[in-house]
2 protein chains.
Amino acid sequence: MAARGGCKAVVADKWSMRVVSDLGAGPRRFTDLKRGLEGISQRMLTVTLRSLERDGIVTRTVLQVMPPNVTYELTPMGTAMLEAATPLLRWSTDYLPRITEARADYDARPGD
Amino acid sequence: MAARGGCKAVVADKWSMRVVSDLGAGPRRFTDLKRGLEGISQRMLTVTLRSLERDGIVTRTVLQVMPPNVTYELTPMGTAMLEAATPLLRWSTDYLPRITEARADYDARPGD
DNA sequence: CGGAATCCCGCGAGATACTG
DNA sequence: CAGTATCTCGCGGGATTCCG
């Protein structure tokens, strides 16, 4: 998916799907998103949001005040993407236990 | 999705989804997969397949002959994953033109 | 608050060579 | 054919600092 030229594909990116998923619940501010995404650095959130904005997945709305107020929101295209991704997200949560189990089995095998 | 401990998540990996997608059409041999995946190196295909096997997404069947004959195939879990991913795969092909366009727009903007 | 800029390190991954 | 082993390099991404 659109992976040419060193730019990362949306779905092949570690954080993009999670950000989009979080934004599915409605518009969020930068700091709120950061709080929700355990383990993301400030830099990566910025980079991820810029990329999503560039791809037309989210909009960025700046209120010129002090302190700044920046809100992110899914575009219709972003909403469509989240809807398309929902079955896979469900699969990942449903099957996580089985994957964990499969890994344990694999790692426990004689392995020569 | 199962991203703890330095192991890469299946969907957040550059090649996993494409391999699974290719295997959706039926069992394939190593070299056939490699031919189908433009740009993948031999090493990355090996690594990707090992990871998918470990996660219980594909099976690896070895015929002990010379030259070797190794066939990969989706497990039921792998098939379930592919089915869950289908809407997102469709989205990505459907919307690729719009993403490309959005990027061009973004890059063409005054940019301050 | 929401960034941008800079520094820096580890690992992701290509290239190449060797094997059952 | 289908790998493994090694070496190497680039860049993904964390930590830190500064700014409007």
Side-chain angles (χ1 to χ4, degrees), chain A residues 2-19 22-23 27-55 58-73 106 109-112, chain B residues 3-19 22-23 27-55 58-73 106-107 109-112:
Chain A
R4 291 271 151 207
C7 55
K8 301 191 65 166
V10 175
V11 304
D13 179 74
K14 183 177 179 183
W15 294 107
S16 292
M17 256 328 296
R18 300 193 50 193
V19 170
D22 276 25
L23 286 176
R28 292 281 182 276
R29 295 181 58 180
F30 186 89
T31 306
D32 296 335
L33 283 170
K34 181 154 166 41
R35 247 196 310 273
L37 300 162
E38 195 80 15
I40 196 171
S41 67
Q42 183 172 22
R43 183 180 170 281
M44 278 317 294
L45 182 54
T46 301
V47 169
T48 300
L49 286 168
R50 280 290 181 285
S51 172
L52 290 172
E53 188 196 2
R54 188 170 100 104
D55 289 353
V58 308
T59 57
R60 178 170 178 265
T61 308
V62 184
L63 264 61
Q64 288 289 6
V65 295
M66 268 306 277
N69 184 320
V70 180
T71 303
Y72 293 91
E73 187 170 4
Y106 185 96
R109 266 156 47 176
D112 68 305
Chain B
R4 289 273 151 207
C7 54
K8 300 191 65 166
V10 176
V11 305
D13 178 74
K14 182 177 179 183
W15 295 107
S16 292
M17 258 326 297
R18 300 193 50 193
V19 170
D22 276 25
L23 286 176
R28 292 281 183 276
R29 296 180 57 180
F30 186 88
T31 305
D32 296 335
L33 284 170
K34 181 154 166 40
R35 247 196 309 275
L37 299 162
E38 196 80 15
I40 197 171
S41 67
Q42 184 172 18
R43 182 180 168 280
M44 279 316 295
L45 181 53
T46 300
V47 170
T48 300
L49 285 169
R50 281 290 182 285
S51 172
L52 290 172
E53 187 196 2
R54 188 170 100 104
D55 289 354
V58 306
T59 57
R60 177 169 179 265
T61 307
V62 183
L63 264 60
Q64 288 289 5
V65 295
M66 267 306 276
N69 184 321
V70 181
T71 304
Y72 294 90
E73 188 169 5
Y106 185 95
D107 294 344
R109 268 155 48 176
D112 68 306

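All chains are named by letter (A, B, ...) in the order of the sequence lines, taking the proteins before the strands, and each is independently numbered beginning at 1.
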Starting at [atom1] of [X] and ending at [atom2] of [N], how long is that distance when rounded to a whole Å?
X	N	atom1	atom2	result
Gln64(B)	dG3(D)	CD	C1'	12 Å
Glu38(B)	dG14(C)	CD	P	13 Å
Ile40(A)	dG12(D)	CD1	P	15 Å
Met66(A)	dG20(D)	CE	P	10 Å
Met44(A)	dA15(D)	CE	C1'	14 Å
Lys14(B)	dC11(C)	NZ	C1'	15 Å
Leu33(A)	dC1(C)	CG	P	14 Å
Lys34(B)	dA2(D)	NZ	C1'	12 Å

Ignoring backbone atoms, test whether [X] places a side-chain nitrogen or oxygen under 4.0 Å from the OP1 or OP2 oxygen of [N].
X	N	value
Arg50(A)	dG3(C)	yes
Arg43(A)	dG3(C)	no
Arg60(B)	dG3(D)	yes

Heavy-atom closest pair, residues Arg50(A) and Tyr72(A) =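 Minimum heavy-atom separation between Arg50(A) and Tyr72(A): NH1-OH, 3.7 Å.
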
All heavy atoms of Trp15(A) vs all of Met44(A), minimum pair found to be CD1-CE, 4.3 Å

If you write DNA chain D from 5' to 3' in dot-bracket form, with Watson-Crick or G-U pairs under 3.5 Å, [ ] for crossing pairs and | for pairs with another strand, what do you get?
-> |||||||||||||||||||.

Applying the side chain to side chain contact (heavy atoms under 4.5 Å, CB included) criterion to [X], which one of [options] satisfies it?
X	options	result
Ser16(B)	Val11(B), Asp55(B), Leu52(B), Leu49(B)	Leu52(B)
Pro27(A)	Thr61(A), Thr71(A), Val58(A)	Thr71(A)
Thr48(A)	Val19(A), Leu37(A), Leu33(A), Val10(A)	Val19(A)

Straight-line distance of Arg54(A) CZ to Arg60(A) CZ, nearest 0.5 Å | 15.5 Å

Rounding to 0.5 Å, atoms CG (Asp13(A)) and CZ (Arg18(A)) come to a distance of 11.5 Å

Comparing Trp15(A) and Thr46(B) on DNA chain D - which has the more 5′ nearest nucleotide =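 Its nucleotide being nearer the 5' end, the pick is Thr46(B).
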
Among the nucleotides dG20(C), dG14(D), dG20(D), which one has an atom lying closest to any side-chain atom of Pro68(B)?
-> dG20(C)

Among the nucleotides dG20(D), dG3(D), dC1(D), whichever has the atom closest to the side chain of Tyr72(B) is dG3(D)

Base of dG14(D) paired with side chain of Gln42(A) (donor-acceptor, under 3.5 Å) = no

